[in-house]
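Side chains are part of it too, since the values below use all heavy atoms of this structure and drop only hydrogens, waters and symmetry mates. A, B, ... follow the sequence lines: proteins, then strands. Residue 1 opens every chain.
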Protein chains: 2
Amino acid sequence: MSNSRTGAAAAPRMSSGTTRLRPVLRPVDTAPLPLDSIIEGDCIAALDRLPAESIDLVFADPPYNLQLGGDLQRPDQSMVDAVDDDWDKFESFAAYDAFTRDWLKAVRRVMKPDATLWVIGSYHNIFRVGATLQDLGFWLLNDVVWRKTNPMPNFRGKRFTNAHETLIWAAREQASRYTFNYEALKAGNEDVQVRSDWLIPLCTGGERLKDENGHKAHPTQKPEALLARVLLAASRPGDVVLDPFFGTGTSGAVARKLGRHFVGIERDPGYIAAARARLAAVTPVADAALLMPAEKRSEPRIAFASVVERGLLAPGAVLVDQRGRHKAVVRVDGSLMLGDIAGSIHKIGALVQGLPACNGWTFWHFSDGGALKPIDDLRAVLRKELADAEG
Amino acid sequence: MSNSRTGAAAAPRMSSGTTRLRPVLRPVDTAPLPLDSIIEGDCIAALDRLPAESIDLVFADPPYNLQLGGDLQRPDQSMVDAVDDDWDKFESFAAYDAFTRDWLKAVRRVMKPDATLWVIGSYHNIFRVGATLQDLGFWLLNDVVWRKTNPMPNFRGKRFTNAHETLIWAAREQASRYTFNYEALKAGNEDVQVRSDWLIPLCTGGERLKDENGHKAHPTQKPEALLARVLLAASRPGDVVLDPFFGTGTSGAVARKLGRHFVGIERDPGYIAAARARLAAVTPVADAALLMPAEKRSEPRIAFASVVERGLLAPGAVLVDQRGRHKAVVRVDGSLMLGDIAGSIHKIGALVQGLPACNGWTFWHFSDGGALKPIDDLRAVLRKELADAEG
DNA sequence: CACCAACATGAATCAATTG
DNA sequence: GCAATTGATTCATGTTGGT
């Protein structure tokens with residue numbers, strides 16, 4: 001592990017160097033990663049200049065103007081007389097798919113092998129994005145529903161109130177060992193696993209950026225609470241968060257507040273100006289201890305043999321399961337004996353239950369003054385000794 | 001309008017005769033619409049034999065293409081009974097796409113011009129289905145989220161609990177003048193528009209069909225409440241509801257109960273037998289207006305993390321008990337920190353008191369202008385927001 | 001019969017380390 | 001790189017069986 005796991009101020013984690021994918025052609029003129037800054041320009045061109053495998057987390061809020069003008073307009077600018085012409089629809093969807101494919105491929109190149117990607121969208125575009133992700137080899141982890149507490153009603157009464165948007169969370173590849181701060185999320189959620197549906201208000205009021213005329217600075221500014229949950233779930237302090245459609249910089253503001261680095265790409269100078277002003281006003285959470293995700297510290301491995309060696313259990317001692325239905329005898333070498341079969345605490349535990357696997361530490365119990373206690377208690381004794389010895 | 005709109009017993013509505021799409025090649029040997037019966041056989045072959053433009057509503061629960069790997073064990077070492085049926089296995093995404101395209105095209109031919117289609121799926125397949133719908137010229141109306149009250153947990157703690165599935169609601173084409181019972185839905189929802197996220201329990205208990213051995217008759221039986229909401233929203237009494245993946249006939253049972261006709265297509269004789277027995281036991285309700293399933297309600301769970309996310313408490317804020325004997329610090333992720341130990345508000349509250357359990361909401365207080373107030377007051381603020389969202 | 005404890009189960013793309 | 005081993009991990013709801 002890199003040292004960045006130990007503090008918010010540390011340098012960003014570098015790629016492990018192991019490339020699990022086939023080698024990637026890297027553009028000749030890549031620049032060093034411009035940490036905590038906004039790159040002005042076209043998303044894909046800018047991505048192609050970033051170093052490969054340098055990003056820990058990607059958050060993307062791509063445009064979904066499937067049939068409008070702008071960057072997705074047909075190349076020849078020709079007029080289409082029938083707007084609902086099937087062929088035109090196909091052209092439009094195909095153009096959007098090509099655009100999606102291009103930016104996702106460019107993003108994937110700069111992701112570390114264990115990086116993950118979040119994309120947000122609505123039913124207009126999210127299906128195409130999701131299918132493209134699968135086609136490119138991303139590994140879908142969850143689709144997450146942002147339930148809006150205060151959605152805009154459906155004024156014409158012709159459909160259900162469009163009260164949610166969808167986020168897709170995907171790893172770069174199936175083999176990725178991605179960051180997921182399970183324990184921390186659970187601790188903040190009444191000690192229950194966090195579900196795939198999140199209830200969060202729209203970005204309104206003081207959080208909503210306004211221009212000099214009092215109009216909203218960006219049409220689809222996302223709430224910081226949404227980004228906070230994304231970053232707290234799937235990144236660590238010191239990680240680098242890339243947002244290829246930076247807009248007015250919600251992802252950057254939250255990254256900065258939570259001790260993550262950001263890299264933003266944005267084409268519109270107006271949005272960039274708004275984002276820069278916003279970022280300058282962000283106060284990072286100072287105390288690194290508040291940022292590190294609550295985690296069960298990984299305990300040193302203890303062999304059952306050392307429990308016997310240390311005399312916490314004598315050879316010949318009888319272990320039973322909690323309800324006393326199964327018995328086994330401790331041998332000097334730390335294996336268990338059941339009749340004439342010997343094996344590990346796990347193997348014998350699985351055997352007597354007819355199961356493929358078993359955690360022997362919690363399954364087997366010993367008698368301590370009449371009370372049955374799991375042998376895991378004995379492991380805890382050794383761990384404490386070990387911890388004390390290390391200071 | 002046909003007279004079928006006025007009563008449950010009327011004949012099914014016939015096509016208006018105006019074809020808004022380009023002419024469709026109709027198979028020579030189409031049969032008359034086999035109302036209220038199950039067609040045994042391949043989905044696409046059976047669809048090709050149905051008359052064109054004869055269906056008012058389609059509900060489809062296609063294979064999800066789960067792509068499961070090895071076995072999954074629960075923490076108690078028991079096995080998860082996963083979907084491992086042959087009908088859910090596909091060679092590749094391309095094969096699944098081809099399958100999807102074929103059945104959707106066949107379905108579209110038999111839909112009336114104003115008919116709509118519902119498809120349900122998970123993140124494994126729903127993106128591909130949605131994109132294919134768009135490619136074929138369907139017009140997406142909503143994506144609807146079925147939020148499960150009681151989903152299966154994520155046993156390994158590696159992802160968010162997969163707590164929802166997605167339904168796509170689409171018209172045959174953009175010009176469709178589809179059925180949407182807006183006023184009825186609103187009246188049944190405390191006079192507010194029905195949202196795109198529905199909270200409904202899984203199909204369990206007595207509703208779940210079992211075989212003679214007591215095992216579930218179908219691995220993915222859907223709750224009747226879900227189908228009831230679909231049919232009440234987007235069909236009228238007397239309409240014909242087609243289900244190309246009939247399974248054990250939930251859509252048919254609900255259609256029959258609500259005074260709609262059904263046409264089911266199913267390949268597996270075992271499922272068909274179960275469905276026939278089930279359908280025979282259904283009693284149609286005399287007055288369909290009486291049956292509006294109430295949304296599942298439960299006391300909303302508020303996460304302390306969301307109190308921090310919304311800025312009601314800042315990271316680093318100090319919480320104390322009422323008499324100021326214990327202190328703990330709020331972290332960014334909604335856990336509390338006591339020394340170097342992090343945990344939930346409840347766990348840390350229990351820890352400082354040496355008790356096995358503690359209600360952190362009433363135990364911990366924050367300082368509000370000199371006065372100590374329980375953090376439960378902050379929960380009340382969020383609860384009010386949530387109540388507004390749930391209706 | 002009431003009550004409680006134990007058990008069962010739901011569309012699941014659900015590990016990390018050692019040898 | 002692959003196989004074998006170790007060991008970490010669950011929420012809501014309904015049913016069953018015992019006192």
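In this structure, A:F180 and B:F160 have perpendicular ring planes: the angle between them is above 60°, well past the 30° mark. The aromatic rings of A:W198 and A:W118 are tilted relative to each other, their planes meeting at an angle between 30° and 60°.
Taking for each of B:G157 and B:D88 the nucleotide of DNA chain C with the nearest heavy atom, the 5'-most of the two is the partner of B:D88. Residue-to-nucleotide proximity on DNA chain C shows that, of B:H218 and B:K158, the 5′-proximal contact is made by B:H218.
Counting any heavy atom pair closer than 4.0 Å across all strands shown, B:I120 reaches no nucleic acid atom. Residue B:W146 is out of contact with every strand shown, counting any heavy-atom pair closer than 4.0 Å. Within the nucleic acid shown, B:T220 comes within 4.0 Å of at least one base atom, counting heavy atoms only. Contact annotation for A:L140: base contact, defined as any heavy-atom pair under 4.0 Å involving a base atom. Counting any heavy atom pair closer than 4.0 Å across all strands shown, B:D71 reaches a base atom. Within the nucleic acid shown, B:C203 has no heavy atom closer than 4.0 Å to any nucleic acid atom. Nucleic acid contact class of A:Y178 (heavy atoms, under 4.0 Å, all strands): none. At a threshold of 4.0 angstrom between heavy atoms, the contacts of B:N162 are confined to the sugar-phosphate backbone, with no base atom among them. Across all strands, B:G214 comes closer than 4.0 Å to no nucleic acid atom at all (heavy-atom distances). Residue B:G205 is classed as a sugar-phosphate contact, given heavy-atom separations below 4.0 Å to backbone atoms only. Residue contacts shown for B:P62 include a base, since a base heavy atom lies under 4.0 Å away. In this structure, A:Q174 reaches neither bases nor backbone, as no heavy-atom distance under 4.0 Å exists between it and the strands shown.
B:H346 and A:E190 are linked by a side-chain donor-acceptor pair at a separation below 3.5 angstrom, with hydrogens and angles left out of the test. Inspection of the A:Y123 and B:N142 side chains reveals no N or O donor paired with an N or O acceptor under 3.5 Å.
Pair check for C:dT9 finds D:dA12; Watson-Crick or G-U wobble, both atom distances under 3.5 Å. For D:dG7, there is no paired nucleotide, since no Watson-Crick or G-U wobble pair has both relevant distances below 3.5 Å. Base-pair partner of D:dT19: C:dA2 (Watson-Crick or G-U wobble, both distances under 3.5 Å).
Of the possible polar contacts, one joining the B:E266 side chain to the B:D268 backbone as a donor-acceptor pair under 3.5 Å is found.
Counting to the nearest Å, the C1' atom of D:dT6 and the CD atom of B:Q73 are 13 Å from each other. If you measure from atom CZ of A:R195 to atom C1' of D:dT10, you get 14 Å, rounded to the nearest angstrom.
In terms of polar N and O atoms assigned as donor or acceptor, the side chain of B:K222 comes within less than 3.5 Å of the base of C:dA11 in a complementary pairing. Checked by distance alone, A:R379 brings no side-chain donor or acceptor within 3.5 Å of a matching partner on the base of D:dG7. One N or O donor and one acceptor, one from the side chain of B:D61 and one from the base of C:dA11, sit under 3.5 Å apart. If you check distances only, the side chain of A:R301 never reaches the base of D:dT5 with a donor-acceptor pair under 3.5 Å.
Classification of B:R147 and B:E165 as a salt-bridged pair fails, no side-chain N sitting under 4.0 Å from a carboxylate O.
With centres under 5.5 Å and a plane angle under 30°, the ring of A:W139 is stacked against the base of C:dT13.
Using P as the reference atom, C:dT13 and D:dT5 are 29 Å apart when rounded to the nearest Å. Spacing between D:dT10 and C:dT9 at atom C1', rounded to whole Å, works out to 12 Å.
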